[in-house]
Undergrad: 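Please find one structure pasted underneath; my questions will follow.
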Number of protein chains: 2
Amino acid sequence: MSFSIVDELFELRKEQTKQNSYIAESIFQKRIMSLIINNIEKHVQLTAEEKQLFLSKTEIQHYKAKSILLSSGEICKHSYFVNSGILRSFNINDNIVEHVLNFACEGWWIGDMYSLISQKPGNLFIEVLEDAELVLLSKENQNQLYTEIPKLERFFRILTENALVANQERLMDNLSLSAEERFDKFCKRYPGLIQRIPQKQIASYIGVTPEFFSKMKSKLLRK
Amino acid sequence: MSFSIVDELFELRKEQTKQNSYIAESIFQKRIMSLIINNIEKHVQLTAEEKQLFLSKTEIQHYKAKSILLSSGEICKHSYFVNSGILRSFNINDNIVEHVLNFACEGWWIGDMYSLISQKPGNLFIEVLEDAELVLLSKENQNQLYTEIPKLERFFRILTENALVANQERLMDNLSLSAEERFDKFCKRYPGLIQRIPQKQIASYIGVTPEFFSKMKSKLLRK
DNA sequence: AATGGCACTTAACCTAGATTAAGAAAATTA
DNA sequence: TAATTTTCTTAATCTAGGTTAAGTGCCATT
């Protein structure tokens with residue numbers, strides 16, 4: 001999981017009141033949640049009760065940059081939806097080299113799909129790159145929701161289809177494009193991310209060493 | 001689409017009667033169809049009526065090797081399930097180089113997922129590598145089935161999840177493994193395929209030139 | 001303000017795999 | 001059966017990107 005639909009809802013969050021009253025807090029919660037609900041409603045429509053039910057099965061957590069949400073060898077228990085901040089999933093091969101599978105910023109889902117569906121230990125790490133607010137949906141709750149609200153089964157089918165299409169395209173790109181062209185595609189896929197994460201992460205995503213990426217970048221600037 | 005679940009049902013087909021009577025023909029049809037039904041029932045159980053409904057929405061077609069089922073620029077109208085034979089999906093980049101996205105043999109699904117879900121022109125070709133018998137499921141019928149038999153929505157969700165996991169693994173492999181190691185993984189993913197398709201197709205799948213593949217192979221044999 | 005740890009750069013050298021070309025073997029087709 | 005097209009092999013040469021190493025700048029702690 002981790003896919004390609006971002007939306008414009010964040011604007012809402014900017015209106016956050018600073019008040020501490022119980023009521024303000026509750027409104028705040030609603031606004032936070034509307035990002036994920038809106039994300040879902042891009043594909044399926046939910047009734048008020050269904051939204052309520054869905055939200056009751058999720059929880060919000062805050063994580064500091066550098067937190068590790070999942071390590072290689074662990075079983076992935078949750079799908080994570082990003083309200084704010086940036087995460088990445090990556091693996092580490094024998095040579096102690098990291099490879100980024102996906103980034104996730106506002107409005108994206110992330111998780112270790114293999115471990116999530118098999119409930120076996122995976123080989124991915126999930127790390128927070130920038131302080132993040134996440135919506136957690138446990139594997140069990142997700143399964144319950146599939147039968148309680150069949151529309152959600154549709155939603156996640158569509159989500160997964162989109163993720164697959166994006167992945168296939170990236171795979172073909174890796175087979176046929178140069179590092180420079182892949183960097184170009186990265187910029188389009190994750191607009192604005194270049195300013196927010198260390199460039200060694202981008203190098204790892206497009207599949208080159210930080211040294212080569214640096215060389216390539218300065219060549220691009222000289223143009 | 002095109003994913004990683006194969007099953008052992010082909011055995012059934014070997015019992016095919018050669019008789020031409022109406023009855024034998026009907027039994028034959030049932031056996032053909034039981035491959036796809038069995039494939040579905042690995043993940044969800046269907047009633048007799050549901051199976052009937054599902055089958056009524058599919059059609060069987062036979063294609064000769066070298067047939068092109070889909071070309072770049074066309075809109076993909078069907079998901080294809082392989083009863084027998086071998087297909088591949090691939091794209092062609094500027095340099096007129098082909099890259100294989102997927103192979104599909106008995107018990108696998110194949111299609112251009114991007115074009116299928118967006119109903120826009122895709123950039124994949126789908127070609128028959130070995131005379132094939134396919135079950136065709138049109139996009140419209142597939143959508144109807146989702147609402148008529150919600151269990152099928154679950155089936156295709158699971159199918160897509162598995163395809164995504166396989167794709168992610170291949171992507172990471174391409175980033176971190178040598179051509180030799182990727183060839184090794186190919187052999188495991190598509191056992192028996194090495195004998196059935198030209199090796200330039202395998203080279204294209206693992207992402208090397210036919211020349212390099214040949215060199216690599218003779219090096220492996222010398223060991 | 002000093003220390004250590006990252007992230008980034010530069011540069012010399014190295015290698016997996018690409019390219020080009022030409023011939024041999026195998027498979028299609030006539 | 002021969003003719004033609006494809007596939008496969010071998011070999012020389014080339015290059016995108018890797019490796020190693022050393023140095024710079026930038027924070028975060030103390």
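Excluded from the calculations below are hydrogen atoms, water molecules and symmetry mates; all remaining heavy atoms, backbone and side chain alike, are included. Proteins get letters first, then strands, A, B, ... in listed order; numbering begins at 1 in each.
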Undergrad: By salt bridge (Lys or Arg N to Asp or Glu O under 4.0 Å), which residues pair with Glu211(B), not counting sequence neighbours?
TA: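 By the salt bridge (Lys or Arg N to Asp or Glu O under 4.0 Å) rule, Glu211(B) matches no residue at all.
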
Undergrad: Looking at Glu161(B) and Arg157(B), is there a salt bridge between them, counting it only when a charged N and a carboxylate O are closer than 4.0 Å?
TA: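 Counted as a salt bridge, because a side-chain N and a carboxylate O are separated by less than 4.0 Å.
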
Undergrad: Thinking salt bridges, do Lys215(B) and Glu180(B) make one under a 4.0 Å N-O criterion?
TA: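 Between Glu180(B) and Lys215(B) there is no salt bridge, as every charged N stays at least 4.0 Å from the carboxylate O atoms.
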
Undergrad: Between the side chains of Gln142(A) and Glu140(A), is a donor N or O closer than 3.5 angstrom to an acceptor N or O?
TA: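 Distance-only check fails for Gln142(A) and Glu140(A).
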
Undergrad: Rounded to whole Å, please give me the gap between CG in Asn93(B) and P in dA18(C).
TA: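 The answer, rounded to whole Å, is 13 Å.
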
Undergrad: Please report, rounded to the nearest Å, how far the P atom of dA16(D) is from the CD1 atom of Ile206(A).
TA: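 It works out to 15 Å between those atoms.
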
Undergrad: Anything under 3.5 Å between a protein N or O and an N or O of nucleotides 24-26 of chain C, put it in a table, one pair a line.
TA:
none

Undergrad: Are Trp108(B) and Tyr80(B), when compared by the centres of their aromatic rings, separated by less than 6.0 Å?
TA: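 Judged by ring-centre distance (under 6.0 Å), Trp108(B) and Tyr80(B) do not meet the cut-off.
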
Undergrad: Take the protein atom CD of Glu130(B) and the nucleotide atom C1' of dA27(C), then report the distance between them rounded to whole Å.
TA: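 In whole Å, dA27(C) C1' lies 15 Å from Glu130(B) CD.
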
Undergrad: Does Thr209(B) put a side-chain nitrogen or oxygen below 4.0 Å from OP1 or OP2 of dG17(C)?
TA: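 Negative; the distance criterion is not met.
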
Undergrad: Taking DNA chain D as the partner, which of residues 211-220 of chain B come within under 4.0 angstrom of it by heavy atom?
TA: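 Those residues are Glu211(B), Ser214(B), Lys217(B), Ser218(B).
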
Undergrad: Identify which nucleotide among dA7(C), dG17(C), dT7(D) has an atom closest to any side-chain atom of Val208(B), counting heavy atoms from C-beta outward.
TA: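 Within the option list, the nearest is dG17(C).
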
Undergrad: Report the residues that fulfil ring-ring contact (aromatic ring centres under 6.0 Å, His included) with Phe213(A), sequence neighbours left out, ordered by chain and then residue number.
TA: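 Phe213(A) satisfies ring-ring contact (aromatic ring centres under 6.0 Å, His included) with Phe183(A) only.
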
Undergrad: Only one of Lys185(B), Arg182(B), Lys188(B) clears salt bridge (Lys or Arg N to Asp or Glu O under 4.0 Å) with Asp173(B); which?
TA: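 Going through the options one by one, the only one that passes is Lys185(B).
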
Undergrad: Just how far, in rounded Å, is P of dC6(C) from CD of Glu127(A)?
TA: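 The distance from CD of Glu127(A) to P of dC6(C) comes to 12 Å, rounded to the nearest Å.
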
Undergrad: Compare every heavy atom of Glu127(A) with every heavy atom of Lys66(A), then report the nearest pair and how far apart it is.
TA: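 Minimum heavy-atom contact is CA-OE2, 4.2 Å.
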
Undergrad: Nearest to the side chain of Lys200(A) - dT29(C), dA7(C), dC8(D)?
TA: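 The answer is dA7(C).
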
Undergrad: What does the inter-axis angle of the helix from dA1(C)-dT30(D) to dA30(C)-dT1(D) come out as, five pairs per end, nearest 10 degrees?
TA: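 The two end axes of the helix from dA1(C)-dT30(D) to dA30(C)-dT1(D) meet at 50°.
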
Undergrad: Which residues pass the ring-ring contact (aromatic ring centres under 6.0 Å, His included) test with Phe90(B), not counting sequence neighbours?
TA: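 Per chain and number, Phe90(B) pairs via ring-ring contact (aromatic ring centres under 6.0 Å, His included) with Phe125(B).
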
Undergrad: In terms of the nearest nucleotide of DNA chain C, which residue is placed more toward the 5' end: Arg182(B) or Lys66(B)?
TA: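 First, find each residue's nearest nucleotide; the 5'-ward one identifies Arg182(B).
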
Undergrad: Rounded to whole angstroms, how far apart are CD1 on Ile96(B) and P on dT19(C)?
TA: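 These atoms are roughly 12 Å apart.
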
Undergrad: Is the closest side-chain heavy-atom distance between Ile68(B) and Ile126(B) below 4.5 Å?
TA: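 Of all side-chain heavy-atom pairs linking Ile126(B) with Ile68(B), none is under 4.5 Å.
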
Undergrad: In whole Å, what is the span from the CZ atom of Phe183(B) to the P atom of dA16(C)?
TA: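 Distance check: Phe183(B) CZ to dA16(C) P gives 18 Å.
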
Undergrad: Validate the cation-pi geometry between Arg170(B) and Tyr205(B): distance from NZ or CZ to the six-membered ring centre under 6.0 Å, angle to the ring axis within 45°.
TA: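 Output yes; distance and angle both within limits.
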
Undergrad: Just so I know, are the side chains of Ile40(B) and Phe156(B) near enough to count as touching, which here means a heavy-atom distance under 4.5 Å?
TA: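 Not in contact.
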
Undergrad: Of all the nucleotides listed (dC8(D), dC8(C), dA18(C)), which has the minimum atom distance to the side chain of Gln199(B)?
TA: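 Nucleotide nearest to Gln199(B)'s side chain: dC8(D).
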
Undergrad: Rounded off to whole Å, could you give me the CD1-to-P distance for the Ile194(B) and dC8(D) pair?
TA: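 Between P of dC8(D) and CD1 of Ile194(B): 13 Å.
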
Undergrad: Could you state the atom-to-atom distance from CG of Asp131(B) to P of dT28(C) in whole Å?
TA: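 Computing the Asp131(B):CG to dT28(C):P distance gives 10 Å.
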
